[in-house]
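Data block below; observations after.
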Amino acid sequence: MNKIAIISDIHGNREALKTTLEDIKRRNCDKIICLGDIISKGKFSNECVDLIRENCDIVLRGNVDDYLSKEHDLNKLDEKEKTNILKYNQELTVKSKEYLSNLPFCYEFYLSGRFVRLFHAGPDTLYNYSNVSAFASIEKKFKMFEPNVLTLSDKIADIVVYGHIHTQLMNKMYNRTLISCGSIGNNLESIRNEKKDASILNTTCANYVILEGKMDSKEYDTLDVDFVQVQYDIDKELEDSKDKIDNDALFYELKHGKYRDDDKINKILTEQGIDINNI
Ligand SMILES: [Mn+2]
C-alpha cells in the first residue's frame, strides 16, 4: 500500500506548512502532492515556494500562483488589482515567478483500481468558486468528475481531489468520490452561527488529506481516505508576520477561520439556495 499526502492552499503561511510537512514525514507518506495556491495572503510566499519545491513530488498550479506570476496589462486593471499585482511583482523573486508560471494544471493516476484526477479548482478553470463549493448542486459536482479542456485524459474520474475552497469535504455520488482536501495555511468555515458554533480550533488548523492504496494499480483493492487536521502555532506565524503591511484581514482569517468578506461568501451561499439568515 502507498500513502499519498495531498496538500493545497498554503497561502504563504510558513508555520502551517512546516508543521504539516513534519506531520506528513511522521506518517511515512510515499508521495506529497500540492494542488497549488502556494503564495499570497501570508508573509512567506517565496519561503513557501522553496519548501514546496524541496518537499513535493508533484505540484499543480492554483489561481493565485497563476494570476500573480504572469504579466499583466496594468491599464486594464482597477486600482485595487493594480496595487496587488505591483506588490507581488516586487515581493516574488524571479525564481519563484518562473517556477509558479510553469506549474502544470492537472495530474492523474490509478490507485487501488480507481482513476484519480487532481486539480486546483475545476477540470476547466483555475478561477471558479461557486461551482465547486461544498453546497453546489449535484449537477455541478458531477461536472468535477468529467474530463474537460484542461484535463490530461478523456476519462470520467472515480475520485477527484481538489483544493481552492479552503474547507474539507467528501461527497459520494454515482459510485464516485469527490474530495476537497482543505487548506494548509488558510482554512475557513462559511456556515457560522454564534449559538451553534463549536470551537474555532476545529477550523483554524492546517488541513490535508492522505489517500492510501495501491499506486498505479488498476485492480480494485482497499482504499483509505484520511482527513488530517494539524494544530500549528498560529501565534508564531502572526508574530513572524507582524511587520507585514495590510495584514489585518490575514490576522482575522487565521485567528477566526472566517473569510474576510462576509458579503462575498453570503452571495455564494444564497446562490446555492442557502437561507443565510437561518443557518
Ligand atoms: Mn486558495
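Starting from 1, each residue takes its place in the sequence as its number. For the numbers below, each heavy atom of this structure counts, side chains included, while hydrogens, waters and symmetry mates do not. Atoms within a ligand are numbered from 1 in the order they appear, just like the ligands themselves.
Seen from the Mn ion (ligand 1), atom OD2 of Asp9 and atom OD2 of Asp37 lie 100° apart in angle, a value rounded to 10°.
Backbone or side-chain N, O or S atoms of His11 reach the Mn ion (ligand 1) at under 2.8 Å. At a cut-off of 2.8 Å, His166 is counted among the residues with an N, O or S atom near the Mn ion (ligand 1).
Between the side chains of Lys41 and Asn13, no donor-acceptor pair of N or O atoms lies under 3.5 Å.
With sequence neighbours excluded, no residue forms a salt bridge (charged side-chain N to carboxylate O under 4.0 Å, His left out) with Asp57.
A donor-acceptor distance shorter than 3.5 angstrom exists from the side chain of Asp65 to the backbone of Asp37, with no hydrogens or angles considered.
Look at Arg26 and Asp23 and you find a salt bridge, because one of the NZ, NE, NH1 or NH2 atoms lies within 4.0 Å of a carboxylate O, short of that distance.
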